[in-house]
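Accompanying notes for the structure given below.
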Amino acid sequence: MDSKGKLIIYQAFPRIFTNTNSNNVPNGTLSENGSGKLNDITPRLLKSLSDMGVNTIWLTGIIENATKTAFPEAGIPADNPNVVKGEAGSPYAIKDYYDVAPCLAVDPKNRMKEFEACVKRVHKQGLKLLIDFVPNHTARVYHSDSAPADIEDFGRGDDRNMFFSPSNNYYYIVNQQFAPDFDISSEGNEPYIEFPAKATGNDCFTAFCGKNDWYETVKLNYGLDPWNGRGSYDPIPDTWLKMLHILRFWASKGVDGFRCDMVFMVPQEFWHWAIPQVKKDYPGVIFIGEIYDVNLYRPFLNYCHFDYLYDKVNLYDTLVGIERHHISAAQLTSCWQTVEGIGDSMLNFLENHDEVRFASREFADDPMKITPYLVVSSMISNGPYMIYYGQELGEMAHDNEGFAGDNNRSTIFDYWSYDTIRRWYNEGKCNTTQLTSHEKWLRKLYKNVLTMSTTLPPLYEGKFFDLMYVNHTNPHFNPHRQYAFLRYTDKEALLIVANFDSKDVEIELNFPELAIGMAKLEGGKQTAKDLLWKKTYNFQISDRQPMKLNIKGYDAVILPLKVHQEEKEGE
């Protein structure tokens with residue numbers, strides 16, 4: 001793959017991704033609604049993603065989670081339905097860290113072998129494979145039937161008479177039975193009884209969690225006393241040792257990296273200790289952290305040794321604000337300033353399983369508005385870029401799947417499939433024959449942008465220059481709806497202008513002498529074709545006269561600019 005180190009990640013939920021059942025029932029069972037399989041991740045499918053510019057696939061929901069579904073042929077009983085969200089269950093309520101979710105296997109008894117074969121297919125296509133690592137919490141009932149004989153289950157050796165002990169795996173609300181403020185005996189024949197109650201995964205340290213809490217999960221204890229904030233890390237807590245073994249186990253299966261769930265809810269000291277040990281044995285393994293506090297970005301990169309971090313609360317939230325809340329596009333300047341020096345370690349995106357779909361009612365309400373958002377979010381840095389399965393087809397998340405409801409997201413709790421993805425998947429053909437003209441246009445746009453991001457040096461290894469400071473008071477440029485910047489190397493430069501306005505605009509863009517010098521631009525009149533739509537532009541580069549450009553509504557221009565003549569002659 002010609003990625004030059006820039007990751008283009010495609011997040012897919014295998015349970016739904018290749019499910020071909022078109023007659024889904026809300027809250028439907030596995031037998032009613034079906035499930036995609038790891039065996040469906042075929043060379044043809046992977047090539048289709050690769051052709052679109054993807055070089056990394058993140059398969060979400062691989063590790064076995066609590067579910068209402070029994071798999072008697074594999075000796076796996078259903079979990080108590082009162083502490084499982086949805087028929088399929090949350091992929092973040094792990095009940096066996098050493099196993100694969102059986103619904104993803106054609107033969108549940110051979111689920112690990114099917115996963116291992118999938119890893120090989122991914123690598124043969126030249127792609128990397130990421131899976132989730134869920135360190136903060138387990139399912140309410142954890143039991144591994146696949147762990148090595150010398151590995152004990154979480155909680156097995158705990159002293160349950162202590163709320164906190166550094167050697168315990170869980171926190172216990174002593175002498176209290178688990179008693180949420182909603183009915184947990186409404187499903188099945190067996191009530192769910194937990195005594196003493198364990199702390200719930202979202203740092204709910206009481207026995208009385210609510211429906212909006214992560215009631216299906218239990219908080220893991222890494223040696224941090226939540227009451228005084230003090231950590232006891234010597235000797236190494238048992239939870240640390242167990243989790244390090246789990247990371248090494250999956251790395252030994254050939255996975256190329258981990259998207260680590262809610263990393264800030266685990267003590268930084270654990271990451272500082274664990275990640276270098278994994279990398280010592282598996283040097284190429286990537287660690288991506290889900291994080292929601294910009295003040296923690298630098299500690300998690302420097303001290304905790306993460307390779308990349310989500311930039312949700314900075315760039316993503318600003319882009320949402322531009323579309324939904326009349327935030328000025330000029331605020332994008334503060335986004336790169338906030339992460340200056342670490343921008344290439346930020347993972348940017350417009351969608352993932354936690355966020356609403358771009359085309360949903362809660363975001364843009366129209367997939368055809370995507371161009372300026374896609375261009376800016378993928379090209380503002382050299383860092384990795386991620387799209388969510390179906391995003392490239394304009395999936396709008398209008399289904400009411402069951403537990404998830406009609407919430408502008410794609411469910412992670414239910415057995416389901418989506419019409420957009422089914423038509424692209426096309427019974428395994430993975431082609432565009434059943435797509436609408438708009439869907440074909442979108443997929444072509446994504447292919448163009450993602451491929452540029454990994455093949456044009458200014459976009460995968462270049463520098464960044466923000467042009468907004470010389471255009472804020474420009475009467476022929478609206479800084480609230482347009483954003484302009486340069487990406488450049490010593491030999492090439494690109495001008496990128498995004499128009500977040502619904503109206504076509506004719507702008508006059510000022511170029512400062514500093515930008516011309518730093519990017520080694522050749523002054524004077526030039527002609528170039530926009531890399532997005534191949535439209536020819538005649539323009540001039542000068543710090544005295546502005547550049548005139550026409551840009552359609554909700555569109556962008558990516559214009560190659562020449563470098564100095566003497567630079568070209570010296571090559």
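Just the heavy atoms: all of them, side chains too, but no hydrogens, waters or symmetry mates, feed the values below.
A 6.0 Å sphere centred on NZ of Lys279 holds more than 12 heavy atoms belonging to other residues, nucleotides or ligands. By the 6.0 Å contact criterion, CG on Asn212 is open, its count of non-hydrogen atoms from other residues, nucleotides or ligands being 12 or less. Within a 6.0 Å sphere centred on CD of Glu190, other residues, nucleotides and ligands contribute 12 heavy atoms or fewer. In this structure, His438 places its NE2 atom where only 12 or fewer heavy-atom neighbours from other residues, nucleotides or ligands lie under 6.0 Å away. Within 6.0 Å of the NZ atom in Lys440, the count of heavy atoms belonging to other residues, nucleotides or ligands exceeds 12. The 12-atom threshold is not exceeded at CZ of Arg44, counting heavy atoms of other residues, nucleotides or ligands nearer than 6.0 Å.
Checking side-chain atoms of Ser50 against main-chain N and O of Leu46 turns up no donor-acceptor pair under 3.5 Å. Counting only distance, with no hydrogens or angles, the side chain of Asp158 and the backbone of Arg160 share no donor-acceptor pair below 3.5 Å. With hydrogens and angles disregarded, no donor-acceptor distance shorter than 3.5 Å links the side chain of Thr200 to the backbone of Asn202. Using modelled atom types, no side-chain atom of Arg15 and backbone atom of Tyr415 make a donor-acceptor pair closer than 3.5 Å. Remark: side-chain polar atoms of Tyr282 are not paired, donor with acceptor, to backbone N or O of Val255 under 3.5 angstrom. Between the side chain of Asn348 and the main chain of Ser378, no donor-acceptor pair closer than 3.5 Å is present. A donor-acceptor pair is defined here as one N or O able to donate and one able to accept, closer than 3.5 Å; such a pair exists between the side chain of Arg423 and the backbone of Gln434. With Thr67 contributing its side chain and Ala88 its backbone, the two residues share a donor-acceptor pair below 3.5 Å. Without hydrogens or angle criteria, Asn24 side chain to Trp416 main chain gives no donor-acceptor distance under 3.5 Å. Listed for the Asp256 side chain is no donor-acceptor partner under 3.5 Å among the backbone atoms of Leu130.
Aromatic ring orientation, Tyr172 versus Tyr170: perpendicular (interplanar angle above 60°, classes split at 30° and 60°). Classification of the Tyr192-Phe178 ring pair by plane angle, with boundaries at 30° and 60°, yields perpendicular. By the 30° and 60° cut-offs, the orientation of the rings of Trp273 relative to Trp240 is tilted. The aromatic rings of Tyr389 and Phe17 lie perpendicular to each other, with more than 60° between the two planes, well past the 30° mark. Between Tyr142 and Phe154, the ring planes are perpendicular. Angles over 60° get that label, and only those under 30° would be called parallel.
No side-chain heavy atom of Val313 sits under 4.5 Å from any side-chain heavy atom of Asp293. Proximity of Arg443 to Leu393: side-chain heavy atoms (C-beta onward) are separated by under 4.5 Å at one or more points. Residues Asp96 and Ile63 fail the side-chain proximity criterion, which asks for heavy atoms closer than 4.5 Å. Within the 4.5 Å cutoff, the side chain of Ser360 has no heavy atoms near those of the Glu351 side chain. Within the 4.5 Å cutoff, the side chain of Tyr98 has heavy atoms near those of the Pro148 side chain.
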- Query: Should Trp250 and Phe133 be marked as a ring-ring contact (aromatic ring centres under 6.0 Å, His included) after you check the CA-CA gap, both sets of side-chain angles, and the distance that decides it?
  - Reply: CA-CA 9 Å; Trp250 287 103; Phe133 173 56; over 10 Å; no
- Full working for side-chain contact (heavy atoms from CB on, under 4.5 Å) between Asp40 and Tyr425: CA-CA 10 Å; Asp40 299 333; Tyr425 182 63; 3.5 Å; yes
- Task: For Thr420 and Glu439, run side-chain contact (heavy atoms from CB on, under 4.5 Å): C-alpha distance rounded to whole Å, both residues' side-chain angles, the deciding distance at 0.1 Å, then the answer.
- Result: CA-CA 9 Å; Thr420 47; Glu439 290 164 348; 3.6 Å; yes
- Task: Apply side-chain contact (heavy atoms from CB on, under 4.5 Å) to Met243 and Tyr97, showing your working.
- Result: CA-CA 9 Å; Met243 284 301 187; Tyr97 280 104; 3.4 Å; yes
- Task: Decide side-chain contact (heavy atoms from CB on, under 4.5 Å) for Gln391 and Phe349; before the verdict, give the C-alpha distance in whole Å, the side-chain angles of both, and the deciding distance to 0.1 Å.
- Result: CA-CA 11 Å; Gln391 178 181 337; Phe349 53 84; over 6 Å; no
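Of the inter-residue distances, the one linking His353 atom NE2 with Thr60 atom OG1 reads 6.5 Å to the nearest 0.5 angstrom. Once rounded to the nearest 0.5 Å, the distance linking CZ of Phe208 with CG of Asp181 reads 10.5 Å. Taking CG of Asp51 as the reference point, atom CD of Gln125 lies at 7.5 Å (rounded to 0.5 Å). Atom CD of Glu395 is separated from atom CG of Leu442 by 12.0 Å, given to the nearest 0.5 angstrom. The CG atom of Asn33 sits 10.5 Å away from atom OG of Ser22, with the distance rounded to the nearest 0.5 Å. Atom OH in Tyr215 sits 10.0 Å away from atom CD1 in Ile184 (nearest 0.5 Å).
When every heavy atom of Leu224 is checked against every heavy atom of Pro267, the shortest pair comes out as CB-CG, 4.1 Å. Taking all atoms of both residues into account, the shortest heavy-atom contact from Asn27 to Glu87 is O-CG, 3.3 Å. The heavy-atom pair separating Lys95 from Asp79 by the smallest distance is NZ-OD2, 2.7 Å. Minimum interatomic distance between Leu350 and Tyr316 (heavy atoms only, all atoms of both residues): O-CE1, 3.3 Å. Closest approach of Arg357 to Ala397, counting heavy atoms only: CG-CB, 3.5 Å. Ala101 approaches Asn65 most closely through the heavy-atom pair CB-OD1, 4.2 Å.
Of the residues Trp271, Phe258, Phe264, the one that meets the ring-ring contact (aromatic ring centres under 6.0 Å, His included) test with Phe306 is Trp271. Among Leu49, Leu7, Ile9, Leu450, the one residue that satisfies the side chain to side chain contact (heavy atoms under 4.5 Å, CB included) test with Asn55 is Leu7.
By the 4.0 Å N-to-carboxylate-O rule, Arg140 lies close enough to Glu194 to be salt-bridged with it. In summary, Asp354 and Arg259 engage in a salt bridge, as defined by a charged side-chain N under 4.0 Å from a carboxylate O. In summary, Lys109 and Glu73 do not engage in a salt bridge, as defined by a charged side-chain N under 4.0 Å from a carboxylate O.
Residues Phe163 and Trp227 bring their aromatic ring centres within 6.0 Å.
Defined by atom type and a distance below 3.5 Å, a donor-acceptor pair is present between the side-chain atoms of Asn169 and Thr239. No hydrogens or angles considered: a donor-acceptor pair under 3.5 Å links the side chains of Tyr10 and Glu392. There is a side-chain donor-acceptor pair under 3.5 Å between Asn80 and Asn82. Side chain to side chain, Asn168 and Asn221 fail the donor-acceptor criterion of an N or O pair below 3.5 Å. For the residue pair Tyr418 / Asp399, no side-chain donor-acceptor distance below 3.5 Å is found, with atom types taken as modelled. A donor-acceptor contact closer than 3.5 angstrom is absent between the side chains of Asp261 and Asn136.
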